[in-house]
Amino acid sequence: MAAFDLPELPYAYDALAPYMSKETLEYHHDKHHKAYVDNGNKIIEGLPNMGDTLEQVVINAHKQGQQGLFNNAGQHWNHNHFWKWMKKNGGGAHPGALETAIKSSFGSYEDFRGKFIEAGTTQFGSGWAWLVMDKNGKLEIMKTANADNPLTSGKTALLGCDVWEHSYYIDYRNARAKYLEAFVDNLVNWAYVEELFEKGPLKIAA
Ligand code: MN3
């Protein structure tokens, strides 16, 4: 595939304040995400073709034990989505087919909210909390360490929250739970989650 590119944020750097500050987004996007893109490009240059899409590169790097490529390509994929999973004045319950699926999978929106926040707070060390869809379209909560994501277990990510310290330490210090609550209640871009939900389970030819 062509080189990895750092996408622009889909909003201004100060758009998510006070829940996620301009300073956090500047460091997180311009330094951390950029480093994954730059390092991923350096590593992939020296390897045979790892796939035509970023998803294939992530899955193939995982299968082939190319840990350096996996870490950077995985984090590139995670962050491409993470920026779109947030918006100004986001969060809260989302009406429609997605909310019906959340209720049938978790009991209620509040139960989903609690389980998602719990996954993020109990992920030991760096990683991600996820709302995913399995191959049969059933919704689940999961958590992954470091750069790992639902692609490596054949699940479709509908929503993910970065719980690496670089995502919240400037704004929340060590209060990861407070950050997760603010993410779910005030930042989630449910329209993008619904778009992924409507597409259904991912079909990837690896
Ligand atoms: Mn991050």
Side-chain angles (χ1 to χ4, degrees), residues 3-44 54-55 57-59 61-62 67-88 90-91 116-132 141-153 155 157-189 192-193 196:
F4 303 151
D5 287 314
L6 182 66
E8 295 281 322
L9 285 181
Y11 30 73
Y13 284 88
D14 60 1
L16 305 183
Y19 307 108
M20 188 175 283
S21 65
K22 180 171 184 269
E23 188 184 0
T24 289
L25 282 171
E26 284 171 349
Y27 271 88
H28 200 172
H29 177 273
D30 299 3
K31 311 272 187 210
H32 291 279
H33 191 173
K34 184 174 190 298
Y36 301 131
V37 168
D38 292 346
N39 292 331
N41 280 331
K42 272 182 218 151
I43 295 168
I44 206 166
L54 179 56
E55 286 82 3
V57 170
V58 171
I59 289 168
H62 184 256
Q67 193 65 37
L69 179 62
F70 176 73
N71 287 341
N72 289 287
Q75 282 290 71
H76 179 39
W77 188 88
N78 294 345
H79 288 81
N80 283 350
H81 286 286
F82 183 57
W83 310 131
K84 295 196 235 173
W85 276 320
M86 298 185 287
K87 60 173 255 190
K88 187 181 180 68
F116 186 86
I117 291 169
E118 187 190 8
T121 51
T122 57
Q123 168 53 41
F124 187 76
S126 297
W128 294 76
W130 305 96
L131 169 66
V132 304
I141 300 293
M142 64 184 282
K143 56 189 175 184
T144 57
N146 301 319
D148 199 7
N149 64 39
L151 288 172
T152 62
S153 48
K155 305 268 168 75
L158 301 181
L159 175 66
C161 184
D162 188 342
V163 299
W164 285 56
E165 286 186 347
H166 65 226
S167 194
Y168 62 89
Y169 221 80
I170 291 170
D171 301 322
Y172 299 89
R173 295 301 169 191
N174 62 335
R176 191 191 281 188
K178 288 263 176 292
Y179 156 67
L180 280 151
E181 286 167 13
F183 177 84
V184 175
D185 295 341
N186 304 103
L187 293 175
V188 174
N189 178 1
Y192 184 55
V193 180
L196 298 170

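All residue numbers refer to positions in the sequence shown, counting from 1. In listed order, ligands and their atoms are each counted from 1.
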*Using 30° and 60° as the class limits, which term best fits the ring planes of Trp130 and Trp85: parallel, tilted or perpendicular?*
perpendicular
*Give a yes or no on whether the backbone of Glu118 and the side-chain of Thr122 come within a donor-acceptor separation of less than 3.5 Å.*
yes
*Going by the salt bridge (charged side-chain N to carboxylate O under 4.0 Å, His left out) test, which pairs reach into residues 9-28, not counting sequence neighbours?*
Lys22-Glu26
*asked:* Return all protein N, O or S atoms below 2.8 Å from the Mn ion (ligand 1), chain by chain in residue order.
replied: His28 NE2, His79 NE2, Asp162 OD2, His166 NE2
Assess, by modelled atom type and distance only, whether the side chains of [X] and [Y] contain a donor and an acceptor separated by less than 3.5 Å.
{"X": "His79", "Y": "His29", "answer": "no"}
{"X": "Trp128", "Y": "Gln123", "answer": "no"}
{"X": "Tyr19", "Y": "Asp185", "answer": "no"}

